[in-house]
Q: 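Mind having a look at this structure? Questions to follow.
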Amino acid sequence: MLVIDAARIVDPLRTFAPGRLIIEDGSVRELGTQDNIPVPSSAERVDLSGLTVTPGFIDPHIHGCGGVDVMEGTYNSLNVISTILARHGTTTFLPTTVSSREDVLSSALEKLGSLIPKAFEGATPVGIHMEGPFISAGKRGTHKASNIVPPDVEMFQKWIRLSNRQIRLVTIAPELDGFESILNVAAQAGVTVAMGHSNASLAEANAAADRGVCYAVHTFNAMREFTHREPGIVGTVLSDDRIFAEIIADGVHVHPAVVRTFARAKGKNRILLATDRTSAAGMPDGRYVLGSDTINVSGGVCRDSEGRLAGSTLTQEVALRNMVAWTDLSFEDSLIGLTLNPARALKLEKKGALEPGFDADVVALDEHFRVIRTYVGGRLVWTNSK
Ligand SMILES: [Zn+2]
């Protein structure tokens, strides 16, 4: 049993100061103030006075980091990613594939599907995010045109099977013919469908939302441009309160002023602070891979050979700080965007908060919101001993 005392604990919906968190067998047993919760005898004490304790961060959009791409599909590569993510507060993630040749994607999904149930040294992978290949050729972003295919139910069923039913999220353009049939298969398989890489009109995106598609991938990026006469898919994402929406808050993918506008439109309960980070994250500028393509990184900005943005080098730790700096949202409200909201959007029932019975995925931050400690399932996996 572990007892963590901290200057404050943000749940994220409630704040306890000074806070006390009791962890037992990898789960939260009790949460409250130090006045209200007695310390059980024989418990191990951890003194984090001066720090803020929060739930671990959840990132639904990770292509890689530390020079490694998730599509390599080996235990070691996934473990490198898992370990590095934990240093920046991320305790749960979805390894994310990019549109690729059918055999390449099949092989990656099969390997990832067999790896995900294993134990890792840092953040926990909880399923695969399949980004493409059923996306718009006109809004493909860095996904290669030759790898994009129309929605194909049999192919999708094969991938679900090959992944050992580990696909948790799939990004599709909702305006494509065949979208509805994918939706039906996804619903049966428990896969959440996201709209993204899409040229959908407002009406097309509204129709998808009415069919239950309540997740949008990297809002603004690789989407039909928002204009005041045809707001397109962005108009739906910003105005429909049912939709959880990712934003890449690095100041490169979306201007800080637009992040601020986005935060006002979506409100604290629908923002997802995803990173879309690539193998180049946490590495010096240079050449790296994204799926089977090469990307060039300069000043921390990833671009493909055509000069298009190709993922990011962002961490959730920095995304959180940027939200606090750029928007009206407080630290507590910004925090919801990388804890409770992604847990709800991805239907992760025991994650995203520090309620009794929840997984003891815990982050400790200093006064500048820098990650000082990370616990996954009650186990200390990272500490920045200053
Ligand atoms: Zn991506």
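Being a predicted model, the structure only gives us computed values, none of them experimental. What's counted below: heavy atoms across the whole structure, side chains too, no hydrogens, waters or symmetry copies. Every number for a ligand or one of its atoms is a count from 1 in the order of the listing. The first residue of the sequence shown is numbered 1, and numbering continues consecutively from there.
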Q: Salt bridge or not for Lys158 and Asp152, using N-O below 4.0 Å?
A: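 Salt bridge absent between Lys158 and Asp152.
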
Q: Quick one: hydrophobic cluster around Ile37, which other residues, with the 4.5 Å side-chain cut-off, linked directly or via members?
A: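 Cluster partners of Ile37: Met1, Val3, Ile22, Val39.
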
Q: Applying the ring pair (Phe, Tyr, Trp, His ring centres under 6.0 Å) criterion to His129, which one of His218, His63, His61 satisfies it?
A: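 Of His218, His63, His61, ring pair (Phe, Tyr, Trp, His ring centres under 6.0 Å) with His129 is met by His61 alone.
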
Q: Listed by chain and number, what are the side-chain contact (heavy atoms from CB on, under 4.5 Å) partners of Phe358, not counting sequence neighbours?
A: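 Phe358: side-chain contact (heavy atoms from CB on, under 4.5 Å) contacts with Ala353, Glu355.
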
Q: At less than 2.8 Å, how many protein N/O/S atoms surround the Zn ion (ligand 1)? Leave waters out.
A: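 Count of protein N, O, S atoms less than 2.8 Å from the Zn ion (ligand 1): 4.
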
Q: Please report the closest heavy-atom contact between Val126 and Arg168, naming both atoms and the distance.
A: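 Minimum heavy-atom separation between Val126 and Arg168: O-NE, 2.8 Å.
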
Q: Does Asp47 have any salt bridge (charged side-chain N to carboxylate O under 4.0 Å, His left out) partners at least two apart in sequence or in another chain, and if so, which?
A: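 With neighbours one apart ignored, the set is empty.
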
